[in-house]
Amino acid sequence: MYEVKLKTGKKAKVKDISVDKMDDLKDIMKFVTYPDGSSTINNVSKHRTAWLRNGLSSIGDWTAKNGEIVPDNVLKLLTEAEKDELFVKIQEKQVLNP
């Protein structure tokens, strides 16, 4: 586990995620290309939320018990900027060969 501090001062603990789970999390986002050459990315918000739920063992006053994932009421207390920052920090802590 790694302790991280957000720019807003909130502290969180990031847990180690297995390689198989990281693959599952990465596969949530979908890149779609259309016949006319345009493209889009689907499931961006789902992707970020899944990383937050699976990568945090504590945030603020909440701490996971018995492997629980971050509940909605805790995620709803975070700003979009905090969610983005945590998403990046969780991924950075998973690097096997920096």
Side-chain angles (χ1 to χ4, degrees):
M1 268 197 243
Y2 310 94
E3 188 166 309
V4 297
K5 187 174 182 179
L6 302 179
K7 293 174 185 171
T8 58
K10 288 184 185 174
K11 292 182 182 177
K13 286 189 180 169
V14 173
K15 57 185 168 181
D16 191 37
I17 301 173
S18 73
V19 173
D20 292 328
K21 183 50 127 175
M22 283 191 288
D23 287 345
D24 290 342
L25 293 169
K26 290 176 186 175
D27 286 346
I28 293 170
M29 198 166 13
K30 304 285 184 204
F31 297 90
V32 180
T33 303
Y34 299 101
D36 67 359
S38 65
S39 61
T40 189
I41 303 171
N42 293 337
N43 301 331
V44 175
S45 294
K46 284 182 183 182
H47 182 245
R48 182 184 68 177
T49 298
W51 276 91
L52 294 174
R53 287 199 195 275
N54 288 278
L56 293 174
S57 62
S58 74
I59 178 77
D61 294 333
W62 176 83
T63 300
K65 294 173 184 68
N66 299 321
E68 93 183 293
I69 61 171
V70 184
D72 284 352
N73 64 319
V74 173
L75 289 177
K76 289 178 179 180
L77 295 174
L78 299 171
T79 66
E80 291 299 309
E82 289 171 328
K83 289 177 188 177
D84 288 342
E85 186 179 358
L86 273 171
F87 171 71
V88 170
K89 288 182 181 293
I90 291 167
Q91 288 186 329
E92 286 174 347
K93 296 300 182 187
Q94 308 308 315
V95 175
L96 301 175
N97 293 311

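Count residues from 1 along the sequence.
- When the side chains of ILVMFWY residues are joined at heavy-atom separations under 4.5 Å, either directly or via intervening members, V14 and V19 end up in a single hydrophobic cluster.
- Scanning all heavy atoms of the two residues, the minimum distance from H47 to L25 falls at CD2-O, 3.0 Å.
- Considering NZ of K89 and CG of L52, their distance stands at 13.0 Å, rounded to 0.5 Å.
- The distance from the CD atom of E3 to the OG atom of S57 is 9.5 Å, given to the nearest 0.5 Å.
- With hydrophobic clusters built from ILVMFWY side chains whose heavy atoms lie under 4.5 angstrom apart, V44 does not share a cluster with F87.
- Of the possible donor and acceptor atoms, one in the side chain of E85 sits under 3.5 Å from a partner among the backbone N and O of K7.
- Using a distance-only test at 3.5 Å, with no hydrogens or angles considered, a donor-acceptor pair links the side chain of T49 to the main chain of S45.
- Once rounded to the nearest 0.5 Å, the distance linking CH2 of W62 with NZ of K13 reads 12.0 Å.
- Note: the hydrophobic cluster containing Y34 does not contain F31 (ILVMFWY, side chain heavy atoms under 4.5 Å, direct or indirect links).
- In this structure, D16 and Q94 have side chains that are in contact, with non-hydrogen atoms separated by less than 4.5 Å.
- Looking at K93 and I17, their side chains never come closer than 4.5 Å, going by heavy atoms from C-beta outward.
- In the hydrophobic cluster analysis, where Ile, Leu, Val, Met, Phe, Trp and Tyr join through side-chain heavy atoms closer than 4.5 angstrom, L86 is grouped apart from M29.
- The environment of CG in D36 is crowded: more than 12 heavy-atom neighbours from other residues, nucleotides or ligands sit within 6.0 Å.
- Hydrophobic cluster membership differs between I69 and L77, with clusters built from Ile, Leu, Val, Met, Phe, Trp and Tyr side chains linked at under 4.5 angstrom.
- With sequence neighbours excluded, no residue satisfies side chain to side chain donor-acceptor pair (under 3.5 Å) with S18.
- Within the 4.5 Å cutoff, the side chain of Q91 has no heavy atoms near those of the K26 side chain.
- For D61, there are no side chain to side chain donor-acceptor pair (under 3.5 Å) partners, not counting sequence neighbours.
- Under the 4.5 Å side-chain criterion, counting only non-hydrogen atoms from C-beta, E92 is not in contact with V4.
- Here the NZ atom belonging to K83 is positioned 5.5 Å from the CZ atom belonging to R48, to the nearest 0.5 angstrom.
- For the pair N43 (side chain) and I28 (backbone), a donor-acceptor distance under 3.5 Å is present.
- With contacts defined as side-chain heavy-atom distances shorter than 4.5 Å, the pair V32/I41 does not qualify.
- Atom CD1 of residue I90 and atom NZ of residue K15 lie 9.5 Å apart, to the nearest 0.5 angstrom.
- In this structure, the separation between OG1 on T63 and CD on E68 is 9.0 Å, given to the nearest 0.5 Å.
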